[in-house]
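In what follows, chains are A, B, ... by sequence order, proteins preceding strands, each numbered from 1. Predicted, not measured: the structure shown is a model, and the values here were computed from it.
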Number of protein chains: 2
Amino acid sequence: MGNALVAQSGGPTTAINASLVGVVKGAVASGKFDKVLGGLHGIVGVMDEKIVEVSTDEAELSLIYRTPSSYLGSCRYKMPLVGEDDALYDRVLEVLTKWDVSAFFYIGGNDSMDTIAKLATYGKQVGSDIRFIGVPKTIDNDLVCTDHAPGYGSAAKYIATSMLEIAHDTAVYEAPCVTIVEIMGRDAGWLTASAALARNSYNPTPQLIYLPEVAFSRTRFIQDVKDCLSKTNNVVVAVSEGIRDDKGLYLSAKMKAEDKFGHMQLSGVGKYLENLVKDELSIKCRSVELSILQRCAAHIASKTDLDEAVELGKEAANLAEQGLTGVMPILKRGSNDPYTVILQHVDISTIANQESKVPREWINELGNDVTDKMIEYIKPLVQGEVVIGYSEGLPVYGDISHLTKKEEG
Amino acid sequence: MGNALVAQSGGPTTAINASLVGVVKGAVASGKFDKVLGGLHGIVGVMDEKIVEVSTDEAELSLIYRTPSSYLGSCRYKMPLVGEDDALYDRVLEVLTKWDVSAFFYIGGNDSMDTIAKLATYGKQVGSDIRFIGVPKTIDNDLVCTDHAPGYGSAAKYIATSMLEIAHDTAVYEAPCVTIVEIMGRDAGWLTASAALARNSYNPTPQLIYLPEVAFSRTRFIQDVKDCLSKTNNVVVAVSEGIRDDKGLYLSAKMKAEDKFGHMQLSGVGKYLENLVKDELSIKCRSVELSILQRCAAHIASKTDLDEAVELGKEAANLAEQGLTGVMPILKRGSNDPYTVILQHVDISTIANQESKVPREWINELGNDVTDKMIEYIKPLVQGEVVIGYSEGLPVYGDISHLTKKEEG
């Protein structure tokens with residue numbers, strides 16, 4: 001029968017452990033694996049034989065399901081082209097063979113899918129019968145073929161909730177003020193678009209939303225803000241970290257401290273626009289960067305997101321059981337309302353190293369907001385709350401001391 | 001009988017509306033007031049007669065209880081010294097008399113208590129029988145006399161939860177990295193100290209905590225970080241926005257953009273230390289600023305905090321009913337474990353314009369951590385979760401359109 005080995009890679013998300021739980025449950029349910037092993041710190045850790053046994057205990061899995069960030073650790077590592085340095089591939093196969101692994105599951109985004117595609121290619125080339133299966137995750141939602149990827153819905157829920165709370169915070173004074181909220185997404189605007197969900201019957205903010213898919217104009221931006229200020233004192237702007245001007249240049253700027261310690265720093269776009277508004281309009285302006293909390297705030301995870309992650313993980317085990325290799329399970333949406341999705345799978349070579357961007361028609365003509373189609377797309381993905389246990393006032397998550405112990409030097 | 005008038009002032013918090021609910025409930029229960037009125041945008045709005053009737057409906061109050069930020073709006077305004085420009089005091093009394101107000105409740109921090117102290121003084125001076133009562137709130141926890149102030153516990157719970165989630169996020173890679181988390185608190189370190197609650201059986205982070213109460217040394221800081229890196233790859237630092245060096249200078253620096261748009265900006269201390277670590281240690285370093293979310297993230301409010309806010313609000317109504325003026329209810333702690341507090345009250349003139357700081361003995365000798373006494377103090381304040389209603393995946397809060405409608409120009 002052999003063992004299943006699962007590892008995680010790339011930036012952590014709130015749903016990546018739910019995917020892990022799905023793979024474990026699927027592998028156990030199939031009855032086709034002796035044990036479920038976990039590779040620590042992605043493919044790098046696998047090559048270093050940092051391999052542990054993953055618990056199949058229900059209570060333990062339930063805790064891992066709601067634990068943020070990569071329970072098995074992560075790496076950022078690009079495998080060379082097959083044929084370039086095959087010693088690395090041989091090393092992976094050597095470890096997998098030694099640990100009697102019959103299926104290797106890799107949970108990650110574009111770069112991780114590149115790794116799994118290459119491993120599958122090399123495996124076939126040398127006649128290995130180990131199956132290599134990809135499992136999708138990315139908060140950026142930029143994986144192609146799948147309707148969306150686990151991690152995105154929870155990040156979107158955190159962003160929308162934070163935007164709503166920021167709306168309450170910024171509405172209290174009578175003086176005009178502008179608040180710029182910088183949201184992750186270097187090349188794709190999916191995350192920033194989710195800020196629109198904060199709007200409701202009493203809250204019109206954020207009034208302006210800028211995504212990297214449309215070239216950003218400083219002049220147009222200042223005019224947009226002025227137009228909003230003519231109608232309200234409380235203007236909130238959601239902006240993607242990756243917006244660029246019409247020359248393709250990012251709106252962050254190199255900064256140099258003026259004190260004697262003089263460190264260089266790169267300002268984010270939020271800070272940049274804050275200063276632009278202050279300079280051009282001479283009014284109160286503040287910038288907020290949601291930062292890494294948008295990908296790890298498991299206490300406000302989307303239940304839809306985590307449950308879909310489990311299903312995709314199970315389907316990955318199912319695909320391995322069927323003897324497939326070099327594939328990744330995906331979600332195909334049936335309809336928005338009622339929300340329906342079905343599981344399918346694709347050949348990983350068709351998706352690796354590509355990026356899904358927000359369609360131009362889901363952004364309004366002026367490029368300063370999203371359309372209803374965009375909102376209808378995101379809304380189902382943030383539905384449902386995950387029951388989190390609390391102890392001493394704080395959420396209870398899974399023990400990750402296996403990641404943080406530093407080896408003896 | 002007359003009416004009760006309540007208003008809110010200063011920076012918003014997660015608990016300031018629970019205080020409002022307490023005042024309303026206390027006023028209704030006393031049977032001594034005809035109506036409960038709300039002044040919009042603090043004392044400035046009162047002078048402008050921006051006065052509304054506050055609902056006494058249970059369901060409505062339950063919604064306001066869990067709504068973040070100032071439901072009645074806020075202002076930042078310092079009344080002149082009594083005797084300096086009495087026309088302003090006469091205007092307040094004129095409005096209160098016109099609206100048949102027999103007790104005025106002002107929910108706020110140090111500056112707001114200064115306002116209520118002056119109003120009480122002036123009221124006595126001109127023989128008014130209107131009672132002026134302060135109701136404490138501040139996330140900074142820098143009000144003197146009271147054991148702690150509403151708003152602090154919820155902010156501490158958000159900070160500790162975020163620190164725990166950041167610990168999970170930053171633990172995944174094998175390469176050494178340092179994460180600096182900048183927390184609010186210009187002069188007092190109470191908020192930053194709450195980061196220590198994130199530590200648990202598997203999480204030693206944040207390993208370093210710097211409060212404004214102790215002079216900060218760049219050299220010592222770099223040595224502290226180096227020492228931590230010798231034991232672990234994942235170093236997390238909690239730092240108060242208000243830390244200063246031994247000359248009393250803030251560690252932020254004026255920055256000038258090097259691009260052609262060249263805006264000036266003030267960097268926060270988090271960004272400053274990030275660059276210091278990168279320069280001095282040449283390792284990966286990131287900074288995160290928790291920003292305004294720490295004072296408005298009502299979806300993770302502390303039930304202890306909100307319930308105490310209600311009790312203090314009720315006690316304020318009770319003090320007015322007893323005919324007192326120029327007073328503020330406070331909390332006196334009996335013990336940490338089991339946690340007990342009792343309600344008392346103080347003369348507002350003894351507390352206005354003072355600041356409570358973290359005692360030196362609650363900070364360790366090196367000035368890079370807090371002691372167990374500090375942790376025992378904070379722990380009871382973050383206990384308990386508030387039941388939040390969700391609709392379409394987002395928290396349901398009270399409608400604040402009464403604050404955001406811009407008047408016709």
Side-chain angles (χ1 to χ4, degrees), chain A residues 12 41 67-70 73-75 157 160-162 164-166 168-169 171-174 197 202 231-234 253-259 263 265 267 271 275-276 279 288-289 291-293 295-300 302 379 382-383 385 390 392-395 397 399-401 403-404 406, chain B residues 12 41 67-70 73-75 157 160-162 164-166 168-169 171-174 197 202 231-234 253-259 263 265 267 271 275-276 279 288-289 291-293 295-300 302 379 382-383 385 390 392-395 397 399-401 403-404 406:
Chain A
H41 302 294
T67 296
S69 193
S70 313
S74 187
C75 70
K157 187 180 183 106
T161 299
S162 297
L164 177 59
E165 290 169 341
I166 287 171
H168 278 263
D169 188 275
V172 300
Y173 296 114
E174 286 191 290
L197 296 187
Y202 64 83
K231 289 178 222 130
T232 177
N233 283 329
N234 182 30
K254 262 194 183 169
M255 300 282 174
K256 192 167 180 181
E258 288 204 321
D259 73 350
H263 308 291
Q265 66 175 45
S267 97
K271 198 77 185 164
N275 285 294
L276 190 65
D279 284 3
V288 177
E289 193 185 339
S291 194
I292 53 174
L293 288 164
R295 72 181 186 201
C296 64
H299 72 274
I300 184 130
S302 156
K379 205 172 250 184
V382 304
Q383 302 300 313
E385 291 71 52
Y390 282 82
E392 302 252 44
L394 294 201
Y397 297 134
D399 184 330
I400 50 164
S401 53
L403 295 181
T404 48
K406 191 163 178 171
Chain B
H41 301 294
T67 297
S69 192
S70 314
S74 187
C75 70
K157 188 180 182 105
T161 299
S162 297
L164 177 60
E165 290 169 341
I166 287 171
H168 278 263
D169 188 277
V172 299
Y173 296 114
E174 287 191 289
L197 296 186
Y202 64 83
K231 288 177 222 132
T232 176
N233 283 328
N234 182 32
K254 262 194 183 169
M255 300 281 173
K256 192 168 179 180
E258 288 205 321
D259 73 351
H263 308 291
Q265 67 175 44
S267 95
K271 198 77 185 167
N275 285 293
L276 190 65
D279 284 4
V288 177
E289 192 185 340
S291 193
I292 54 174
L293 287 163
R295 71 181 187 202
C296 64
H299 72 273
I300 184 126
S302 155
K379 206 171 250 184
V382 304
Q383 303 300 313
E385 290 71 53
Y390 282 82
E392 301 252 42
L394 294 201
Y397 296 133
D399 185 329
I400 51 163
S401 52
L403 295 181
T404 48
K406 189 164 179 170

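Looking only at distances, a side-chain donor or acceptor of B/Asn233 sits under 3.5 Å from a matching main-chain atom of B/Glu174.
Both the backbone and the side chain of A/Ile400 come within less than 4.5 Å of a heavy atom in chain B. At a 4.5 Å heavy-atom cutoff, the contact between B/Ile300 and chain A is made by side-chain atoms alone. Looking at B/Glu289, only its backbone comes within 4.5 Å of chain A, counting heavy atoms on both sides. Neither the backbone nor the side chain of A/Ser302 comes within less than 4.5 Å of any heavy atom in chain B. Proximity to chain A involves both the backbone and the side chain of B/Ser401, based on heavy atoms less than 4.5 angstrom apart. With a 4.5 angstrom heavy-atom cutoff, B/Ser70 touches chain A via backbone and side-chain atoms both. In this structure, the portions of A/Ile166 lying under 4.5 Å from any heavy atom of chain B include both its backbone and its side chain.
For B/His168 and B/Tyr202, the ring centers sit closer than 6.0 Å to each other.
Taking chain B as the reference chain and counting heavy-atom pairs below 4.5 Å, the highest number among A/Ala297, A/Ser162, A/Gly73, A/Ser74 is found for A/Ser74. Interface check for chain A: of the options B/Leu164, B/Leu293, B/Val382, the most heavy-atom pairs under 4.5 Å are formed by B/Leu293. Comparing A/His299, A/Arg295, A/Lys157 by how many heavy-atom pairs each has under 4.5 Å with chain B, the most go to A/His299.
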>> Is there a side chain to side chain contact (heavy atoms under 4.5 Å, CB included) between B/Leu403 and B/His41? Walk through the geometry before answering.
In response: CA-CA 8 Å; B/Leu403 295 181; B/His41 301 294; 4.1 Å; yes

